[in-house]
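These notes concern the structure reproduced below.
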Amino acid sequence: TVEGLRDSNDHVRRHCAAALGRLWKKGAPADLVALNALVRIGLIDQVGEVRAAAAQSLADIAGMNQLGSHTDMVEQAITVRLKDSEPEVRNAAQAFLAHVKPPSKNK
């Protein structure tokens, strides 16, 4: 699935980014390689739908408290996406931050 984030087809990249989040939802153990791929490849993809899928997967993972010691690294990467040109990406970034920060600090 991680290799799919490098595919030339944006449809494949979007589905792979979404699939990584679903793996964690089904109880798969957290995988640092997949997490890094979502942050370093998915969040900077040229296609907004791929960035949105990666950000939503990260938000889902954060919602399940699966990030552990990697929370700060992911938070730094996803905070940049609050100013993304695509509303879906901004919404997913906000959802991520809602999971990792108390609402009073989430402005």
Side-chain angles (χ1 to χ4, degrees):
T1 306
V2 171
E3 287 304 314
L5 289 173
R6 293 185 177 97
D7 196 277
S8 61
N9 184 319
D10 60 321
H11 183 74
V12 171
R13 293 192 313 272
R14 179 174 52 87
H15 282 288
C16 286
L20 287 170
R22 286 192 302 270
L23 285 174
W24 272 293
K25 278 186 173 180
K26 293 185 184 225
D31 180 336
L32 184 56
V33 172
L35 186 63
N36 277 329
L38 284 171
V39 170
R40 299 183 194 283
I41 300 170
L43 284 180
I44 63 168
D45 196 275
Q46 64 185 351
V47 176
E49 289 179 344
V50 176
R51 292 192 310 273
Q56 186 58 57
S57 283
L58 291 166
D60 292 344
I61 294 164
M64 294 177 289
N65 297 317
Q66 293 270 345
L67 291 174
S69 64
H70 307 294
T71 301
D72 289 342
M73 181 254 320
V74 177
E75 183 179 341
Q76 288 174 1
I78 210 161
T79 298
V80 173
R81 294 292 140 212
L82 290 171
K83 295 181 180 180
D84 197 278
S85 61
E86 297 292 329
E88 296 85 6
V89 178
R90 293 191 306 267
N91 291 341
Q94 289 170 348
F96 173 88
L97 292 173
H99 289 300
V100 298
K101 287 187 162 189
S104 63
K105 294 182 181 179
N106 196 14
K107 292 185 180 182

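- Summarising the geometry of A55 relative to A92, their closest heavy-atom pair is CB-CB, 3.5 Å, with the distance given to 0.1 Å.
- Closest approach of V50 to A17, counting heavy atoms only: O-CB, 4.2 Å.
- With rounding to the nearest 0.5 Å, the separation of NE2 in H11 from CD in E49 is 9.5 Å.
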Practice problem: Assess whether side chain to side chain contact (heavy atoms under 4.5 Å, CB included) is satisfied between L35 and L67, documenting all intermediate values. | Solution: CA-CA 9 Å; L35 186 63; L67 291 174; 3.6 Å; yes
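- Taking the salt bridge (Lys or Arg N to Asp or Glu O under 4.0 Å) definition, one finds that R6 meets it with E3, sequence neighbours left out.
- Side-chain atoms of R14 do not come within 3.5 Å of backbone N or O of A53 as any donor-acceptor pair.
- The heavy-atom pair separating L82 from R90 by the smallest distance is O-CD, 3.2 Å.
- Here the CZ-CG distance, from R81 to L43, works out to 6.5 Å after rounding to the nearest 0.5 Å.
- Summarising the geometry of G48 relative to E86, their closest heavy-atom pair is CA-CG, 3.6 Å, with the distance given to 0.1 Å.
- Closest approach of R51 to D45, counting heavy atoms only: NH1-O, 2.9 Å.
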Exercise. Please test Q46 against D10 for side chain to side chain contact (heavy atoms under 4.5 Å, CB included), starting from the C-alpha separation and ending with a verdict.
Key: CA-CA 9 Å; Q46 64 185 351; D10 60 321; over 6 Å; no
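- A distance-only check finds a donor-acceptor pair linking the side chain of R13 to the backbone of S8 [under 3.5 Å].
- When the side chains of ILVMFWY residues are joined at heavy-atom separations under 4.5 Å, either directly or via intervening members, L58 and L23 end up in a single hydrophobic cluster.
- Summarising the geometry of V2 relative to A34, their closest heavy-atom pair is CG2-CA, 3.7 Å, with the distance given to 0.1 Å.
- Rounded to the nearest 0.5 Å, atoms CD1 (I61) and CZ (F96) are 9.0 Å apart.
- Side-chain contact of Q76 with D72: a donor-acceptor pair under 3.5 Å is absent, judged by distance alone.
- I44 and L38 fall into different hydrophobic clusters, where Ile, Leu, Val, Met, Phe, Trp and Tyr residues are linked whenever their side-chain heavy atoms come under 4.5 Å apart, directly or through other members.
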Practice problem: Evaluate the side chain to side chain contact (heavy atoms under 4.5 Å, CB included) criterion for residues L5 and L20: first the C-alpha distance (whole Å), next the side-chain angles of each, then the deciding distance (0.1 Å), finally the verdict. | Solution: CA-CA 10 Å; L5 289 173; L20 287 170; 3.9 Å; yes
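- Distance NE2/H99 to OG1/T71: 12.0 Å, rounded to 0.5 Å.
- Follow the hydrophobic side-chain contacts under 4.5 Å out from V47 and you never reach I41; the two are in separate clusters.
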